[in-house]
Amino acid sequence: MESSVTELKGIGAKTEKLLNRIGVYTIKDILLYFPRDYIRYKAPVPPGEVTAEGVYAVTARVAGMPLLKRAGGMELVQAKAADETGALECVWFRAPYVRSLLKAGQAYIFYGKVKQKGRGFCMEQPEIFTPAKYMEKQKTLQPVYARTEGLSNSALVKAIRQALDKIPLVYEFLPEPIRIKEGICEYNFALRQIHFPDSIENLAIARRRLVYDEFFIFILNVQRQKEKRTKIANNFPILNETVIPYILSHLPYQLTVAQKKSLDEVICDLKKDTAMQRLIQGDVGSGKTVVAFLCMALMGENGYQSALMAPTEVLARQHYETFVKMCVDFKLERKVVLLTGSLTARERRRAYEDMQIYPDAMVIGTQALIQEKAVFSNLALVVTDEQHRFGVRQRETLADKGRFPHILVMSATPIPRTLAIIIYGDMDISVIDETPAKRLPNKNCVVGTSYRRTAFEFIRKEVKKGHQAYVICPLVEKSEELEAENVTDYTARLEEYYGQDVRVCCLNGKMKPLEKNRIMEEFAGGNIDVLVSTTVVEVGVNVPNATVMMIENAERFGLAQLHQLRGRVGRGDAQSYCIMVDHANSKGSKQRLEILNHSNDGFFIAGEDLKLRGPGDFFGIRQSGDLAFTLADVYQDADVLKRAAEDVAWLLEEDPELIKEENRGLSAVVCRQEGEGMSL
Ligand code: ADP
Ligand code: MG
């Protein structure tokens, strides 16, 4: 499993490089590279229905004897597939044996690519099936993998088939009693069927097993982590807390009741005998940042350091600016340090120094905070923003940088409380379930592409009023595979459309961090009017002056994601708008988008989306894709999640240390995962 993919036949240096690009290095990696979708063999049609080039399954009889011909030094077999609707020519190159496979007058299914030939059509190199055999085939599903340029689906299929045949049976790590109780299939079966399902039923069975595994291992890790942490003493006594009322009286607004309640819960935790482990869950725009600021300021007042980790460079910088500004506004003399990957060597050295010199600094950054060289001198509180983007491990690594600091995590993913308790099983939970009162709710609309001009003119008007807009496209650049808007072409189009009137700029995830920062800062500073962006702005970005969010190919995004995107506007006092452009214009997409159109409540939206999807509909857009499970979806697989949680509880009751013989395999998997870093 751990050997390189190059051990597989047909994978040389070139293919290896391409595979590396999609994160595949070992045989195990390629086996765990699950299909993105599946297709079926097509329903057969009579020859008369072949009216354009494309892939067909044609059902017909062979008219007369197949002919063996010679053209340009090459042997080819030619046959006519015909019925009363018409005839289709079929050819096979360099395959004289085909003649003996075909019997004149017999019915077959010919499956292959049809090309135009003169005024008629010709199917090249078709596969030949008996009708019965083809019916069998039609039950199976062909995997479609996410690819990178230069890597074909068939190359992946070949490699994975080989890997499946080559590897010895994988050890079954799930304890037998659990497997039997849950009625779930064996791992080997699941692995084979997820790639090459014999039927849709088997695919569902396979998927259920793999989803169960993901949840089970995840919860087991969380529970074991919890065991480790519950007995940790609070090393950081709070002696002063004047800074809280002081800041509150200087804030330009009043905290909402929910913000106040969460803040009180945190402060109460900080005064306990044991270290805090708390999650603040609050919808987009509910005002989590200021709560984090207050907690960190309190640590500062008591002479301790605190750290805030954000998932993106853009967000970390924005938090930094906000914190610095608040310190200035409130005349708080506190060092705020920024530590991200894009700092120059000199800036970074400076940040490291500051972390040593100031025992009460507030340190803000990205994952750069958990790098080895980042050493805190007095870390007492660790805050992670947009927790779902990080792994449990990363949170712990940052925590390891102090002497058992308090942990506060913030998330906007709207998970129902019952599920949150399982997923964040090692934490207490606070909920901010209201948004600041003065704010006007967003106005939403779902439109077709013909509405675009109107939208552009609407944006122009908003810009004239001094506001700004986002336009979101799914792709960075033109793609051969996906029919969807891309930011590169869209920016050019808008630049041409607006001319000098409106300043348009492009932002995407492929840009260098420094470039992204610069653009985000320009946008925040009001030097860009319209930001054409991929979903990199989805997480946490706060530009209150932006009032329009226009989303192209809205049908391609999950509702939760759309809700997050929409949360980028409506953050100031002005009325804000969200324009969702639906390219599919199908009944399904309309129905889904209507949910967003009518509600601004994240919890409600997630619940409704689930209701719309049937239980077998597991290849739709994943709602909680950002929760970093590979296959599992917290909403859709909620029942599996609950069962896995019960089973973990049972297991840990029976064998807390996982030392019993039947739990050995599991123990090995858990230990390995702990090493690799489980992600949440
Ligand atoms: P999120 O919870 O999505 O992280 P933020 O913390 O970024 O939200 O807050 C969004 C905006 O709301 C910010 O501009 C912030 O200053 C403002 N804000 C936060 N709390 C309040 C409040 N109680 N009243 C008015 N505005 C607030
Ligand atoms: Mg936020």
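In this chain, residues are counted from 1 in sequence order. Note that ligands are numbered from 1 as they come in the structure, with each ligand's atoms numbered from 1 the same way.
Looking at Val314 and Glu521, their side chains never come closer than 4.5 Å, going by heavy atoms from C-beta outward. No side-chain heavy atom of Leu270 sits less than 4.5 Å from a side-chain heavy atom of Phe236.
In the vicinity of Thr256, heavy-atom distances shorter than 4.0 Å reach the ligand 1 atoms 23 (N). Contact atoms of ligand 1 toward Thr289: 4 (O), 5 (P), 6 (O), 7 (O) (distance under 4.0 Å to a heavy atom of the residue). Those atoms of ligand 1 with a heavy atom of Leu255 less than 4.0 angstrom away are 23 (N). Contact atoms of ligand 1 toward Asn542: 13 (C), 14 (O) (distance under 4.0 Å to a heavy atom of the residue). If you number the atoms of ligand 1 from 1 as listed, the ones under 4.0 Å from a heavy atom of Gln254 come out as 22 (C), 23 (N), 24 (N).
Remark: Asp329 engages Lys325 in a side-chain hydrogen bond (donor to acceptor under 3.5 Å, both in side chains) (not counting sequence neighbours). By the side-chain hydrogen bond (donor to acceptor under 3.5 Å, both in side chains) test, Glu347 is found to be paired with Thr344, residues two or more places apart in sequence or in another chain being considered.
A salt bridge does not link Glu522 with Arg503: every distance from a Lys NZ or Arg NE/NH1/NH2 to an Asp or Glu carboxylate oxygen is 4.0 Å or more. In summary, Glu265 and Lys261 engage in a salt bridge, as defined by a charged side-chain N under 4.0 Å from a carboxylate O.
Here's the thing with Pro436: none of its N/O atoms is less than 3.5 angstrom from an N/O atom of ligand 1. Residue Gly287 places at least one N or O, backbone or side chain, under 3.5 Å from an N or O of ligand 1.
Neither the backbone nor the side chain of Met410 has a heavy atom within less than 4.0 Å of ligand 1.
The only member of Ile267, Ile244, Val266 that meets side chain to side chain contact (heavy atoms under 4.5 Å, CB included) when paired with Leu294 is Ile244.
Using a 4.0 Å cutoff on heavy atoms, Gly282 does not count as a contact of ligand 1.
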